[in-house]
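Numbers here are sequence positions counted from 1. Whatever order the structure lists them in is the order used to number ligands and atoms, beginning at 1.
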Amino acid sequence: MPSKKALVRRPGPRLAEGLVTHLEREPVDHALAVEQWDAYVEALAANGWETLEVDPADECPDSVFVEDAVVMYRNVALITRPGAESRRAETAGVEEAVARLGCSVNWIWEPGTLDGGDVLKIGDTVYVGRGGRTNAAGVRQLRAVFEPLGARVVAVPVSRVLHLKSAVTALPDGTVLGHLPQTDVPSLFPRFLPVPEESGAHVVLLGGDRLLMAASAPKTAELLAGLGHDPVLVDIGEFEKLEGCVTCLSVRLRELYS
Ligand SMILES: NC(=O)NCCC[C@H](N)C(=O)O
C-alpha cells in the first residue's frame with residue numbers, strides 16, 4: 001500500500017532574506033508567511049497526508065523550500081548539493097529525516113550541484129532541469145543513482161526560470177503542464193498542456209483527482225476543473241515573492257517500505 005507521508009520544514013526566522021534570482025525583491029511579511037505555511041500543511045493533512053516536520057535549519061533563509069534538499073525515487077533518497085552555497089547546510093536535517101524513515105541514502109558530490117526543484121518524475125521517467133542550480137555533473141550523478149533502479153533520466157535545458165518545476169509539472173495522467181513563456185523546450189515532453197498563468201504550471205498531486213495549486217492561478221484552476229480535476233487552492237503569496245511554488249514546500253514520500 002503506498003505511503004502518504006510528506007516532509008515539510010517550518011519557515012525559519014531569516015525567511016525574508018531568501019534568495020531571489022528572476023524576480024525583483026519584495027518585502028516578505030513573516031507572520032503572514034507562517035500563516036500561509038500552516039494552511040499549506042493543513043491542506044496536505046486534510047487530503048490524507050501525514051506531515052512530518054524536518055528539524056529546522058534556521059541559519060538558512062530558504063530552508064522552508066524543503067524539496068530542494070532531496071530527490072526521492074521509490075524509497076531511495078538522493079541528498080542534493082544545492083546550487084546556491086547559502087542553501088548547502090539545509091541538507092543535513094533532511095538526510096536525517098529520510099534515514100529515520102528507512103530510506104536508503106545517496107548523495108550528490110562536488111563538483112555536482114542539483115536542486116530538487118529541478119527534478120520532475122512522471123512514472124519511471126525522471127526529467128532533470130539543467131540550469132542555474134543544477135549542473136552537468138549533478139545530472140550525471142543523478143543518472144548514475146536512479147538509472148540502475150529502472151528510471152529513464154531525461155535532461156532538459158532550463159534558462160528562463162529558477163528550476164524545471166518552476167516551468168512545468170505534471171497531472172496524474174502524465175500530461176505536462178507548462179506556461180509557454182517560461183518553458184525552454186516544450187516539445188521534449190510527449191503530452192504538453194499550456195496553461196494561462198505562470199503559477200498555474202505548478203501542481204502537487206494530492207491523490208485521486210485532487211491537485212494542490214496556488215491561489216494565484218485561478219484561470220488555470222478553472223481550466224483544470226473543466227477537464228475533470230479537483231483543484232485545492234492555497235495562498236502562498238509570501239513564498240512566491242521568493243520564487244517558491246506549491247511543489248517546493250514539501251517532499252511527498254509515496255513508496256516507503258513499512
Ligand atoms: N523548488 C523550488 O521551486 N524552490 C524554490 C526556492 C526558492 C529560493 N528562494 C531559492 O532561490 O533557492
Next on the checklist: Do the side chains of Glu67 and Arg252 get close enough for a salt bridge, i.e. N-O under 4.0 angstrom?
Outcome noted: no
Item to check | Hydrophobic cluster (4.5 angstrom, side-chain heavy atoms) - remaining members for Leu114 | outcome: Val71, Tyr73, Val76, Leu78, Ile108, Val119, Val126, Val128, Val139, Leu142, Val145, Phe146, Leu149, Val153
Item to check | Residues that, via side-chain heavy atoms closer than 4.5 angstrom, fall in one hydrophobic cluster with Val41 | outcome: Val8, Leu15, Val20, Val28, Trp37, Tyr40, Leu44, Trp49, Val64, Phe65, Val204, Leu206, Leu212, Val232, Val234, Ile236, Phe239, Leu242, Val246, Leu249
Starting from the N and O atoms of ligand 1, find every protein N or O within less than 3.5 Å and list the pair with its distance.
residue: ligand 1; atom: 1 (N); partner: Glu67; partner atom: OE2; Å: 2.9
residue: ligand 1; atom: 1 (N); partner: Asp68; partner atom: OD1; Å: 2.9
residue: ligand 1; atom: 1 (N); partner: Asp68; partner atom: OD2; Å: 3.4
residue: ligand 1; atom: 1 (N); partner: His163; partner atom: ND1; Å: 3.3
residue: ligand 1; atom: 3 (O); partner: His163; partner atom: ND1; Å: 3.3
residue: ligand 1; atom: 4 (N); partner: Asp68; partner atom: OD2; Å: 2.8
residue: ligand 1; atom: 9 (N); partner: Leu19; partner atom: O; Å: 2.8
residue: ligand 1; atom: 9 (N); partner: Asp62; partner atom: OD1; Å: 2.8
residue: ligand 1; atom: 9 (N); partner: Leu242; partner atom: O; Å: 2.8
residue: ligand 1; atom: 11 (O); partner: Arg133; partner atom: NH2; Å: 2.9
residue: ligand 1; atom: 12 (O); partner: Arg87; partner atom: NH1; Å: 2.8
residue: ligand 1; atom: 12 (O); partner: Arg133; partner atom: NH1; Å: 2.7

Item to check | Leu205 backbone acceptor or donor facing Arg210 side chain under 3.5 Å | outcome: no
Next on the checklist: Suppose we screen for side-chain hydrogen bond (donor to acceptor under 3.5 Å, both in side chains). Which residues come up paired with Lys5, at least two apart in sequence or across chains?
Outcome noted: Glu50
Next on the checklist: Check the orientation of Phe189 and Phe192. Use parallel for under 30°, tilted for 30 to 60°, and perpendicular for over 60°.
Outcome noted: parallel
